[in-house]
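For reference, the structure discussed in these notes is given below.
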Amino acid sequence: MLTSPVLVLNLNHEPINVCQVRRAVVLLGKGKAELLENGRGEISTPSAKIAVPSVIRLVNLVRRPFVQRKLSKKEIFMRDRHTCQYCGLQTKELTLDHVKPRRQYGDHTWENVVSACIPCNRVKAGRTPTEAGMALLRRPKAPYPNPYYVLYNRTILDEWRKFIPWVDVG
Ligand SMILES: [Zn+2]
């Protein structure tokens with residue numbers, strides 16, 4: 001329950017994040033957010049009953065919240081839509097590949113890290129795509145700071161839908 005996802009809207013109603021109930025309750029408690037939707041009933045604490053939020057809205061406008069995205073496995077897989085950037089296979093069995101290998105002093109940056117399936121990673125090994133005779137589907141780059149990016153590859157909860165009516169349900 002405490003780790004269930006909560007949709008966080010900016011003051012201007014743009015979705016800016018998905019956090020956990022635990023974090024949302026703290027934001028509500030500190031007056032940094034207001035509860036928009038409570039689709040999950042209440043939790044009891046020693047002092048009070050607290051609504052379990054499913055959608056909250058920040059009381060202050062957060063500007064440019066997406067500029068700094070931390071490079072991580074999860075973020076790279078999300079950017080690449082869980083698709084191997086060499087063969088195009090969509091799979092959960094992905095690895096991180098440094099386009100210019102680390103041993104050739106390739107950087108650990110958005111521009112040099114892509115998702116690769118295990119077979120492609122094995123074939124490429126410690127080589128550049130050119131050396132391995134492989135081609136990238138697209139040039140890797142830092143994800144565009146799109147506010148709706150936060151919803152990619154997320155399960156959209158029913159309680160969220162009226163706040164994000166443009167999201168393709170299919
Ligand atoms: Zn592959």
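Ligands are counted one by one from 1 in listed order, and the atoms in each one are counted from 1 as well. Keep in mind it's a predicted model, so treat the numbers as computed, not measured.
In the hydrophobic clustering, where aliphatic and aromatic side chains (Ile, Leu, Val, Met, Phe, Trp, Tyr) are joined below 4.5 Å either directly or transitively, Val114 groups with Tyr86, Val99, Val123, Met134, Leu136.
Salt-bridge check for Glu34 with Arg57: passed, with a basic side-chain N closer than 4.0 Å to an acidic carboxylate O. Taking a cutoff of 4.0 Å between a charged side-chain nitrogen and a carboxylate oxygen, Asp107 and Lys100 do not qualify as a salt bridge.
Listed by chain and number, the residues in a side chain to side chain donor-acceptor pair (under 3.5 Å) with Arg103 amount to none (sequence neighbours excluded). Not a single side chain to side chain donor-acceptor pair (under 3.5 Å) links Ser72 to another residue, sequence neighbours left out.
Note on the Zn ion (ligand 1): protein N/O/S atoms under 2.8 Å are Cys84 SG, Cys87 SG, Cys117 SG, Cys120 SG.
Around CZ of Arg40, the count of heavy atoms belonging to other residues, nucleotides or ligands within 6.0 Å exceeds 12.
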